[in-house]
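Heads up, the thing below is written out as structure tokens.
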Number of protein chains: 2
Amino acid sequence: MIVTVTNPPASELPVLRKVVRSSTSDLIADQLRNAIYNGSLEPGQSINEVRTAELLEVSRPSLREALQRLISEGVMTHAPGRGVHVKKMRVTDIDDVYAVREAIESQAIKLIIRRERATARITRALRELERAIEDNAARTIGDADLSFHHALVACSGSARLTDLMKVSMVHTRLLSLSDRRGYEVRCDVLDSHRELAEAVTAGRESQSLGVLARIMAEAASRLHGPDAGVDAQVVKALDDGAAADDQWSRLRERAQ
Amino acid sequence: MIVTVTNPPASELPVLRKVVRSSTSDLIADQLRNAIYNGSLEPGQSINEVRTAELLEVSRPSLREALQRLISEGVMTHAPGRGVHVKKMRVTDIDDVYAVREAIESQAIKLIIRRERATARITRALRELERAIEDNAARTIGDADLSFHHALVACSGSARLTDLMKVSMVHTRLLSLSDRRGYEVRCDVLDSHRELAEAVTAGRESQSLGVLARIMAEAASRLHGPDAGVDAQVVKALDDGAAADDQWSRLRERAQ
DNA sequence: TCATATAACTTTGTCTGACAGTGTGACATT
DNA sequence: AATGTCACACTGTCAGACAAAGTTATATGA
């Protein structure tokens with residue numbers, strides 16, 4: 001069989017991947033989203049368009065495009081005439097966010113089990129969680145916790161569910177950050193998550209769903225808890241005080 | 001107790017609602033989304049920024065903001081250097097969209113039953129569906145079908161699930177519109193939906209979830225069906241040929 | 001002194017115009 | 001037939017502008 005050398009079919013060059021070029025507004029949205037996720041931008045904080053655009057060295061239109069993105073993700077809110085603010089979660093948001101997460105993750109579990117998908121990522125994420133708990137830093141544990149749930153959904157192989165999970169992660173983080181008690185974690189995270197990982201890996205559907213429901217309910221009730229008040233005005237920073245990204249600490253100051 | 005007359009607390013004037021002022025980009029996004037939903041804008045069609053902006057009598061930046069919105073909703077896609085196109089669903093999208101819908105609607109059902117929420121809207125939507133089936137117009141039936149599922153989720157009272165359902169509706173519509181056979185509906189929609197409505201209203205959780213799963217699976221398999229090919233290049237218009245909005249038929253022509 | 005009204009300032013919302021970079025199609029060339 | 005070249009169209013991004021809306025500060029009157 002003769003194969004021409006010039007212009008070989010894609011299958012012959014499996015090394016080459018589709019080139020990904022992100023637009024400016026994509027990059028801006030990513031930065032802002034990360035800044036929110038890691039606490040550099042606090043809930044309720046307003047985004048000054050000119051200053052932020054200057055800081056990022058982009059034009060105002062590009063920034064505004066990115067903001068639209070974040071607004072439709074529910075990560076920022078738009079107050080007409082008053083601009084864009086980082087979404088500040090209220091008490092009513094707690095159950096709502098966790099309802100969505102239970103929807104996404106339950107479905108992911110069903111898909112994983114029914115389609116018998118590989119669960120290596122989940123066990124790997126569980127090990128990361130174990131390690132984070134040893135370090136005993138709330139922020140690290142929180143990250144590992146969310147990563148675990150992301151891994152769970154990613155295993156399902158559903159692109160859309162995985163995307164939804166990504167924004168739900170930010171929502172969850174915003175819930176904690178909007179809580180006046182700041183960032184907290186339950187001490188029994190590891191047990192329940194290990195149980196979940198094992199049940200999913202073993203293909204025990206109803207048990208998995210049960211454990212998941214329990215995890216969600218407990219997380220929600222922790223936020224609801226006595227004198228919780230996600231509604232609070234004052235917002236505490238993350239308790240391990242990990243140095244926030246330089247750029248964004250600057251932004252936080254300058255953006256008033 | 002003395003209450004000042006000026007600036008009365010909101011609770012005293014329950015008639016007054018928060019004024020909603022939509023931004024231009026909001027309105028544009030709505031128009032484009034509707035145009036996609038009712039088939040005026042076909043899957044794969046590209047959006048010429050200058051022409052579309054002229055047509056809507058808005059500036060290019062405002063249009064671009066709206067497009068960002070739609071892109072992040074997964075209703076349009078962005079090809080770098082080549083602009084924005086109406087999302088063209090592929091075979092792999094079928095199961096993905098229905099997986100998300102099952103996730104959302106299952107959770108909605110659970111919430112409705114556990115929180116014992118009113119189900120009037122569902123029965124009302126069912127009656128609309130009955131009426132639409134009598135008319136025997138595929139497009140009307142499709143609308144009523146989706147409205148039913150939207151009503152179901154809205155009943156749950158979860159704002160986020162309801163929002164997600166709204167975009168899932170457009171995704172579902174895009175699935176049908178991307179199918180070369182055009183718009184079709186199963187003849188047994190009514191039976192299954194009536195069964196679902198009754199089960200939910202009666203609070204029978206597992207039965208409801210079962211019926212829902214069946215509805216989703218059947219809808220997906222219809223699209224997968226023999227010689228289906230959502231991947232198809234040619235796209236048939238809606239079969240009842242309801243006159244598409246004047247403005248948008250113009251756009252379709254002019255936007256190439 | 002407190003509350004309201006006026007003024008000054010800031011910021012948003014939107015538009016116009018501009019221009020380099022990239023994609024596209026026609027045409028010439030090898 | 002494949003490649004190279006050119007012109008054109010469109011996108012991606014920016015700077016600047018300005019009215020409208022919000023915000024803060026100042027002045028005025030009870």
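Scope of the values below: all heavy atoms of this structure, side chains included, with no hydrogens, waters or symmetry mates.
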A:Arg33: which residues meet the salt bridge (charged side-chain N to carboxylate O under 4.0 Å, His left out) condition with it, sequence neighbours left out?
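Per chain and number, A:Arg33 pairs via salt bridge (charged side-chain N to carboxylate O under 4.0 Å, His left out) with A:Asp30, A:Glu73.
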
With B:Glu105 via side-chain hydrogen bond (donor to acceptor under 3.5 Å, both in side chains) - residues at least two apart
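By the side-chain hydrogen bond (donor to acceptor under 3.5 Å, both in side chains) rule, B:Glu105 matches B:Arg101, B:His149.
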
Quick one, [X] and [Y] - any side-chain contact, counting heavy atoms below 4.5 Å?
| X | Y | value |
| --- | --- | --- |
| A:Asp96 | B:Leu161 | no |
| A:His78 | A:Ile71 | yes |
| B:Leu174 | B:Tyr37 | no |

Residue pairs fulfilling salt bridge (charged side-chain N to carboxylate O under 4.0 Å, His left out) with at least one residue in residues 58-72 of chain B, sequence neighbours excluded:
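Non-adjacent pairs meeting salt bridge (charged side-chain N to carboxylate O under 4.0 Å, His left out): A:Arg64-B:Glu65, A:Glu65-B:Arg64, B:Asp26-B:Arg69, B:Glu49-B:Arg60, B:Glu49-B:Arg64.
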
Set of side chain to side chain contact (heavy atoms under 4.5 Å, CB included) partners for A:Thr162, sequence neighbours left out
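By the side chain to side chain contact (heavy atoms under 4.5 Å, CB included) rule, A:Thr162 matches A:His150, A:Val153, A:Ala154.
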
End-to-end axis angle, where each axis spans five pairs of the helix from C:dT1-D:dA30 to C:dT30-D:dA1, to 10°:
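The end axes of the helix from C:dT1-D:dA30 to C:dT30-D:dA1 are about 20° apart, to the nearest 10°.
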
Taking protein heavy atoms under 4.0 Å as touching, what does nucleotides 7-13 of chain D look like 5' to 3' if B marks base contact, S marks sugar-phosphate-only contact and - marks none?
---SSBB

Residue mapping more 5' on DNA chain C - nearest nucleotide basis, A:Arg21 or B:Glu57:
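It is B:Glu57, whose closest nucleotide lies nearer the 5' terminus.
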
Separation of atom CG in B:Asp26 from atom C1' in C:dT14, rounded to whole Å
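The answer, rounded to whole Å, is 14 Å.
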
OG1/A:Thr172 to CD1/A:Ile94 distance, rounded to the nearest 0.5 angstrom?
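Here the rounded value is 11.5 Å.
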
